[in-house]
Amino acid sequence: MPELPEVEIVRQSLDKKVKDKIILKVLVKNRNLRFKIHSGFKRHLNKKKIKKVDRFSKYLIIRFEDNTGFIIHLGMTGTIHLSNIKNKNSLTNTSFYHSPILPKKHNHVEIQFSKMKFIYNDPRRFGYFSIFHNPIELKKKFSHFGPEPFSKSFNMNYICNYFKKKEKNIKNFLLDQKFVSGIGNIYASEILFKCKIHPNKKAKNLTKYDCKKIFKYSKLVLKKAIKKGGSSIRDFQNINGETGNFQKNFNVYQRENLKCLKSKCNGIVKKKIISNRSSFFCNYCQK
DNA sequence: AAGAGGCCCTGATAGC
DNA sequence: TGCTATCAGGGCCTCT
């Protein structure tokens with residue numbers, strides 16, 4: 001679920017709450033996430049002071065003052081909850097998938113600070129934690145990733161050259177983190193709608209104008225989603241308990257058989273499974 | 001070496 | 001009410 005915009009909303013909220021806080025205790029209730037939590041995880045975190053919460057692509061980067069730290073990937077269903085220790089019922093919440101009430105099941109990791117604790121919940125366990133010991137090691141973790149849409153290196157030259165002779169369809173390229181990082185299944189459909197490009201169009205057949213639109217709308221759609229506070233199919237609240245609003249702006253995602261929202265277009269939104277992921281598009285205006 | 005497909009896992013929902 | 005099937009926002013691994 002969480003794509004770049006949702007992770008960015010979590011980052012902003014989390015940074016405010018845990019910045020300059022010292023980790024007093026770490027509880028790993030279930031280390032069997034997507035990847036097994038490192039045996040030295042607790043030791044690595046213990047007594048560390050948090051300098052900053054950063055983000056790259058869909059990954060949160062928790063930086064400590066000594067330049068070590070760890071990264072969190074939320075997978076499909078990972079959520080972060082901050083709970084006031086003195087009053088267990090008052091939860092300041094960062095939740096994508098669940099209601100603001102702290103779930104009882106699947107709370108796999110707890111990180112305690114002096115007055116609150118951080119709880120990682122993940123029913124499907126597709127998310128994971130990974131530690132790093134220095135900035136070079138961190139950089140290496142992301143070395144095989146393509147640029148974010150906002151990056152200077154995500155430019156017309158890069159895009160046009162990347163697509164040359166590529167048989168793969170454009171939808172799969174938007175999901176391919178080696179090409180561009182941070183886009184997931186919802187925003188891939190939304191970006192292609194704005195571009196008026198059919199998700200099944202082969203990359204090698206994209207025109208220069210197509211590339212220009214991909215360049216433009218990859219940025220715009222994600223930026224707008226961040227501005228709207230992210231989106232989710234289920235309840236999504238940021239740390240202040242405000243609901244994300246971007247789902248109201250979906251043009252095609254989960255709008256199967258509804259009328260195309262482009263003005264003067266009489267098309268109908270279709271759903272098609274492409275590479276095992278559902279794609280939504282207007283069968284009339286997306287060519 | 002690019003590209004397709006299987007798979008990791010739980011839970012919500014639909015259909016019978 | 002209770003079973004089974006299908007689907008879900010990610011991405012790594014294997015096979016061709």
Side-chain angles (χ1 to χ4, degrees), chain A residues 1-10 29-37 55-60 71-80 94-99 101 103-108 120-130 141-146 161-192 199-205 221-222 225-226 228-237 244-247 249-256 271-280:
Chain A
M1 164 196 67
E3 305 182 28
L4 187 154
E6 289 74 31
V7 180
E8 174 58 21
I9 300 300
V10 175
K29 295 180 173 174
N30 183 359
R31 64 171 71 248
N32 296 309
L33 302 183
R34 177 67 190 266
F35 304 111
K36 223 179 178 90
I37 289 179
R55 179 193 58 72
F56 176 75
S57 183
K58 304 170 190 174
Y59 297 78
L60 289 166
I71 62 176
I72 307 172
H73 191 275
L74 299 170
M76 292 259 245
T77 54
T79 54
I80 290 167
T94 312
S95 173
F96 292 111
Y97 195 73
H98 293 284
S99 72
I101 300 155
K104 289 189 171 69
K105 289 172 78 177
H106 311 300
N107 294 325
H108 306 309
Y120 178 76
N121 182 280
D122 190 353
R124 289 176 77 178
R125 287 187 274 124
F126 285 170
Y128 65 93
F129 290 67
S130 170
K141 283 184 191 295
F142 298 121
S143 62
H144 61 290
F145 279 72
N161 285 330
Y162 206 98
F163 288 160
K164 274 178 189 162
K165 294 180 185 172
K166 294 290 201 308
E167 292 286 330
K168 200 158 74 169
N169 64 60
I170 179 60
K171 166 80 188 317
N172 279 350
F173 269 113
L174 291 182
L175 291 180
D176 183 348
Q177 307 296 302
K178 285 196 288 293
F179 166 59
V180 59
S181 48
I183 299 171
N185 204 38
I186 291 178
Y187 297 115
S189 279
E190 293 299 319
I191 290 165
L192 287 175
N200 249 345
K201 189 166 183 178
K202 284 184 182 183
K204 65 171 186 180
N205 294 333
V221 170
L222 296 193
I226 293 170
K228 295 270 174 184
S231 63
S232 167
I233 306 313
R234 298 173 193 281
D235 299 328
F236 166 66
Q237 299 204 340
N245 260 329
F246 192 78
Q247 55 272 46
N249 291 72
F250 286 165
N251 284 300
V252 284
Y253 191 80
Q254 289 208 329
R255 292 196 64 251
E256 190 183 10
K271 176 180 171 177
K272 192 179 180 193
I273 306 294
I274 298 173
S275 301
N276 274 327
R277 310 296 299 276
S278 55
S279 291
F280 297 85

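Note: hydrogens, waters and symmetry copies are ignored here, and every other heavy atom, side chains too, is used. Letters A, B, ... are given to chains in the order of the sequence lines, protein chains preceding strands, and every chain is numbered from 1. These numbers come from a predicted model, not from an experiment.
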May I ask you to verify if any side-chain N or O of [X] is less than 4.0 angstrom from the OP1 or OP2 atom of [N]?
X: A:R34; N: C:dG10; answer: no
X: A:H106; N: B:dC9; answer: no
X: A:K271; N: C:dA8; answer: yes
X: A:H73; N: C:dG10; answer: no
X: A:S278; N: C:dA8; answer: yes
X: A:K58; N: C:dG11; answer: yes
X: A:N172; N: B:dA4; answer: yes
X: A:K166; N: B:dA2; answer: no

Figure out the [atom1]/[atom2] separation between [X] and [N], and round it to whole Å.
X: A:L33; N: C:dC12; atom1: CG; atom2: P; value: 15 Å
X: A:F250; N: C:dA8; atom1: CZ; atom2: C1'; value: 13 Å
X: A:D176; N: B:dG3; atom1: CG; atom2: C1'; value: 10 Å
X: A:Y128; N: C:dC12; atom1: OH; atom2: P; value: 6 Å
X: A:M76; N: B:dT10; atom1: CE; atom2: C1'; value: 11 Å
X: A:K178; N: C:dG10; atom1: NZ; atom2: P; value: 15 Å
X: A:I183; N: C:dG10; atom1: CD1; atom2: P; value: 11 Å
X: A:F35; N: B:dC8; atom1: CZ; atom2: C1'; value: 10 Å

Exercise. Look at the side chain of A:N251 and the backbone N and O of A:E190, then say whether any donor-acceptor pair between them is shorter than 3.5 Å.
Key: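 Checking the backbone N and O of A:E190 against the side chain of A:N251, no donor-acceptor pair under 3.5 Å is found.
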Quiz prompt | Expected output: side-chain A:Q177 to main-chain A:L175 donor-acceptor under 3.5 Å | solution =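 Present.
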Quiz item: Does the side-chain ring of A:F126 lie flat on the base of C:dG10, meaning centres under 5.5 Å and planes less than 30 degrees apart?
Solution: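 So yes, this residue stacks on that base, both cut-offs being met.
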Quiz prompt | Base-pairing assignment for B:dC9 (Watson-Crick or G-U wobble, both under 3.5 Å) | solution =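 Answer to the pairing question: none, since B:dC9 forms no Watson-Crick or G-U pair.
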Quiz item: Cationic tip of A:K166 within the cone over A:Y162's six-membered ring, i.e. under 6.0 Å and within 45° of the normal?
Solution: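 Geometry flag: set, cation within 6.0 Å and 45°.
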Exercise. May I ask you to verify whether the side chain of A:R124 and the base of B:dC9 hold a donor-acceptor pair under 3.5 Å?
Key: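 Answer is yes: a donor-acceptor pair is held.
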Quiz item: Is the shortest side-chain N to carboxylate O distance from A:R34 to A:D122 below 4.0 Å?
Solution: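 No salt bridge links A:R34 with A:D122.
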Quiz item: With a 4.0 Å cut-off, would you call A:E3 and A:K58 a salt bridge?
Solution: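 Looking at A:K58 together with A:E3, the answer is no, because their closest N to O distance does not fall below 4.0 Å.
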Quiz prompt | Separation of the P atoms in C:dG11 and B:dA1, to the nearest angstrom | solution =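 Here C:dG11 and B:dA1 have their P atoms 24 Å from each other.
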Practice problem: Side chain of A:R125 only, please: which of B:dG11, C:dG11, B:dC9 is the nearest? | Solution: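 Of B:dG11, C:dG11, B:dC9, B:dC9 is nearest to the side chain of A:R125.
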Quiz prompt | Along DNA chain B (nearest heavy atom to each residue), the more 5'-positioned of A:K105 and A:F173 | solution =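 With A:K105 and A:F173 compared, the 5'-side residue is A:F173.
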Quiz item: Is the A:F145 ring parallel, tilted or perpendicular to the A:F56 ring (thresholds 30°, 60°)?
Solution: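 Ring orientation, 0 to 90° scale: perpendicular.
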